[in-house]
There are 2 protein chains.
Amino acid sequence: MNNIKKGHICDAINQSDEPDIEVLYDLSELFKVFGDSTRIRILTALTAGEMCVLHLAEHLEMGQSAVSHQLRILRTAGLVRPRREGKTVYYSLDDDHVKEILEAGLEHILHKGGRF
Amino acid sequence: MNNIKKGHICDAINQSDEPDIEVLYDLSELFKVFGDSTRIRILTALTAGEMCVLHLAEHLEMGQSAVSHQLRILRTAGLVRPRREGKTVYYSLDDDHVKEILEAGLEHILHKGGRF
DNA sequence: CCAACATATGAATATATGTTCATATATCGA
DNA sequence: TCGATATATGAACATATATTCATATGTTGG
């Protein structure tokens with residue numbers, strides 16, 4: 001499983017000033033939530049303001065159930081927040097970090113993809 | 001499949017100043033690459049400087065093959081860049097966007113996770 | 001309370017994905 | 001050229017995940 005030998009050439013970088021492994025795991029879990037086009041479209045739609053489930057489903061041209069499932073994942077990850085008003089539940093971005101992450105990724109896309 | 005009715009209450013946000021759907025798909029694909037703990041650990045390790053494959057494998061305590069497979073994904077996504085020197089291939093972060101994305105996510109984790 | 005509407009959720013299914021194993025390619029030294 | 005080392009890759013397998021369908025929960029108006 002681990003065909004590795006010690007005493008190799010590049011013995012440079014080993015300052016453990018990097019985030020510990022558990023945080024890195026959480027970080028990958030966070031990005032995993034961003035790593036689905038349906039959820040990205042939901043988050044992007046919500047950057048304009050809160051929206052209810054049916055309107056999200058309509059906007060994404062997807063079933064209500066699918067959207068609801070994805071909203072649960074976003075909610076659990078602390079990325080969106082529900083606000084109930086009668087029968088309707090309005091969702092909004094939970095904090096500004098979400099926008100920042102989206103924008104950081106978008107910047108990379110726009111610079112790498114050759115789209116300009 | 002699409003049990004949605006028109007003429008709903010929340011008829012607010014519909015300015016299409018949001019990135020078009022293809023870009024959002026690319027964006028989700030980008031985050032998908034960040035959404036794996038092995039790849040996150042590789043990227044984080046590389047923020048300190050370039051490193052060869054065997055050392056990465058050693059650092060992650062994983063097999064060389066697994067790391068190589070993940071490096072290919074990172075390379076294809078334009079996140080890391082290889083530099084050959086004899087038999088060894090050194091990998092480094094391709095551009096500064098990578099760090100920015102990592103930091104944006106990390107900020108969210110550290111503020112949400114209650115770790116302070 | 002009951003019907004209608006809005007949302008949430010469990011089970012099932014199909015697809016995507018990460019790791020392992022075996023092997024291929026590439027580079028260097030003798 | 002041959003053996004050793006470093007990396008890359010294809011196939012297989014096990015696991016994770018997104019969507020659908022059916023149904024449950026919650027809310028309002030009559």
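Computed from a prediction, not measured in an experiment: that's the story for all the values here. Side-chain atoms are counted along with the backbone in the values below, which use heavy atoms only and exclude waters and symmetry mates.
- Using a 4.5 Å heavy-atom cutoff, the side chains of A:Phe31 and A:Ile101 are in contact.
- Between B:Leu71 and B:Leu56 the shortest side-chain heavy-atom distance falls below 4.5 Å.
- Under the rule for a side chain to side chain donor-acceptor pair (under 3.5 Å), A:Asp36 has no partner lying at least two apart in sequence or in another chain.
- Look at NZ on B:Lys32: it is 9 Å from P on C:dA16, rounded to the nearest Å.
- Side-chain contact between A:Asp94 and A:Leu74 is absent, with no heavy-atom pair separated by less than 4.5 Å.
- A donor-acceptor contact under 3.5 Å links the side chain of B:His69 to the base of C:dT20.
- Rounding to whole angstrom units, CD1 of residue A:Ile42 and C1' of D:dT19 are separated by 13 Å.
- Which of C:dA6, C:dT9, D:dA18 sits closest to the side chain of A:Leu54 comes down to C:dA6.
- Taking side-chain N and O atoms only, A:Tyr91 has a distance below 4.0 Å to OP1 or OP2 of C:dA8.
- A residue-by-residue look at B:Ser68 and A:Gln70 shows that B:Ser68 has its nearest nucleotide of DNA chain D further toward the 5' end.
- The side chain of B:Arg72 has D:dT9 as its nearest neighbour among C:dT7, D:dT9, D:dA6.
- Rounded to whole Å, atom C1' of C:dT27 lies 15 Å from atom CZ of B:Arg83.
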For a quick check, with a 4.0 angstrom heavy-atom cut-off, what is the B/S/- contact string for nucleotides 22-30 of chain D, read 5' to 3'?
B----BS--
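- Contact annotation: the side chain of B:Ser65 approaches that of B:His69 to within less than 4.5 Å [non-hydrogen atoms, C-beta and beyond].
- Look at CD on B:Glu29: it is 14 Å from C1' on D:dA18, rounded to the nearest Å.
- A heavy-atom distance below 4.5 Å is not found between the side chains of B:Leu54 and B:Val67.
- Rounded to whole Å, atom P of D:dA18 lies 12 Å from atom CD1 of A:Ile40.
- When the P atom of D:dA18 is taken as reference, atom CG of A:Leu74 falls 10 Å away, rounded to whole Å.
- For the pair B:Leu56 CG and D:dT7 P, the computed distance is 9 Å after rounding to whole Å.
- Within the nucleic acid shown, B:Ile73 comes within 4.0 Å of sugar-phosphate atoms alone, with no base atom in reach, counting heavy atoms only.
- In this structure A:Arg75 satisfies the side chain to side chain donor-acceptor pair (under 3.5 Å) test together with A:Tyr91, sequence neighbours excluded.
- Taking atom CE on A:Met62 and atom C1' on D:dT17, their separation rounds to 13 Å, with Å as the unit.
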